Amino acid sequence: MNDRPAGTAGVGRAGGGDHALRTGAGVTASATVRYALVPAPRLTLDTVARRSGLHPDLVRRFVALGLVDAERDAAGHLVFDPTAPAILARVQRLRYGLCLNYASIGLVLDLLDRISLLEAALRGRGTRSETPPWT
């Protein structure tokens, strides 16, 4: 087993680090540490652009708008999570299917993520919704 914690997990929307909560006596109340057994594969800007069928400048713009998450490698180049082409396809479907502008697409993506979390929480509690999930 690898004793090194996983690298920075701050990959945008899905990210968020695991933090230890300390009480007054210095005792850790809740601590979650992730250990990387295999390095997570990362995609370059050119790979993401080619797989999604978009121009690299448009992918950079989506990163600047916060529609897709990316990090910088040691050389300063953008690297993406392997799910980035699927996220870009979702953005394009919302853009062309519903004629939304990019600002509203960010809002819709956030709302869809919240709905998914709420549906997962309902499934976890064993509560069934009367309507099937639509996302």
Side-chain angles (χ1 to χ4, degrees):
M1 186 164 178
N2 191 351
D3 291 332
R4 276 189 296 152
T8 56
V11 179
R13 237 189 289 298
D18 298 321
H19 302 286
L21 302 174
R22 298 202 177 264
T23 61
V27 178
T28 303
S30 170
T32 304
V33 178
R34 290 186 183 182
Y35 295 96
L37 298 176
V38 178
R42 308 305 263 162
L43 302 176
T44 64
L45 175 64
D46 292 331
T47 303
V48 170
R50 187 177 63 252
R51 288 185 184 178
S52 61
L54 300 173
H55 194 276
D57 289 339
L58 185 58
V59 176
R60 281 189 198 100
R61 179 168 297 220
F62 288 161
V63 170
L65 291 171
L67 297 177
V68 66
D69 300 316
E71 294 178 351
R72 300 260 178 200
D73 63 3
H77 299 117
L78 288 174
V79 290
F80 296 85
D81 196 45
T83 60
I87 294 169
L88 290 170
R90 192 178 196 192
V91 168
Q92 291 300 98
R93 282 193 308 271
L94 289 170
R95 172 80 172 149
Y96 295 117
L98 299 177
C99 298
L100 298 175
N101 63 18
Y102 293 127
S104 60
I105 288 174
L107 177 64
V108 170
L109 289 175
D110 287 341
L111 291 173
L112 289 174
D113 289 345
R114 288 183 186 184
I115 289 169
S116 295
L117 289 173
L118 291 172
E119 287 177 346
L122 283 175
R123 280 191 299 274
R125 288 185 17 208
T127 306
R128 280 192 84 200
S129 175
E130 297 299 321
T131 58
W134 57 276
T135 55

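Just so we're clear, the structure is a prediction, and the values are computed from it rather than from any experiment.
A distance of 10.5 Å separates CZ of Arg95 from CG of Leu67, quoted to the nearest 0.5 Å. If you take OG1 on Thr83 and CG on Leu88, they are separated by 9.5 Å, rounding to the nearest 0.5 Å. With values rounded to the nearest 0.5 angstrom, Asp110 atom CG is found 12.0 Å from Ile105 atom CD1. Atom CG of residue Asp73 and atom CG of residue Leu45 lie 11.0 Å apart, to the nearest 0.5 angstrom.
Closest approach of Leu43 and Pro82 over heavy atoms only: CD1-CA, 3.7 Å.
Every residue two or more places apart in sequence or in another chain that forms a side-chain contact (heavy atoms from CB on, under 4.5 Å) with Leu107 is listed here: Leu111. Residues satisfying the ring pair (Phe, Tyr, Trp, His ring centres under 6.0 Å) criterion with Phe62, sequence neighbours excluded, are Tyr102.
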Take Asp113 and Ser116 through the side chain to side chain donor-acceptor pair (under 3.5 Å) test and state the conclusion after the steps.
CA-CA 5 Å; Asp113 289 345; Ser116 295; 5.4 Å; no

Run Arg90 and Leu112 through side chain to side chain contact (heavy atoms under 4.5 Å, CB included) and show every step you take.
CA-CA 11 Å; Arg90 192 178 196 192; Leu112 289 174; 3.3 Å; yes

Give every donor-acceptor pair under 3.5 Å between a side-chain atom in residues 53-60 and any protein atom, sequence neighbours left out.
| unit_1 | atom_1 | unit_2 | atom_2 | d |
| --- | --- | --- | --- | --- |
| His55 | ND1 | Asp57 | N | 3.0 |
| Asp57 | OD1 | Arg60 | NH1 | 2.6 |

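Screening residues 65-86 for ring pair (Phe, Tyr, Trp, His ring centres under 6.0 Å) gives no qualifying pairs among residues at least two apart or on separate chains.
Grouping the Ile, Leu, Val, Met, Phe, Trp and Tyr side chains by contacts below 4.5 angstrom, directly or via other members, places Leu65 with Leu98.
At least one donor-acceptor pair closer than 3.5 Å links the side chain of Ser52 to the backbone N or O of Val48.
As a member of the Ile/Leu/Val/Met/Phe/Trp/Tyr network built from side-chain separations under 4.5 Å, Leu118 groups with nothing else and remains a singleton. Side-chain heavy-atom separations under 4.5 angstrom define the hydrophobic clusters, and Val79 shares its cluster with no other residue.
The pair Asp81-Arg42 meets the salt-bridge criterion, since a charged nitrogen lies less than 4.0 angstrom from a carboxylate oxygen.
Between the side chains of Thr44 and Asp46, no donor N or O sits under 3.5 Å from an acceptor N or O.
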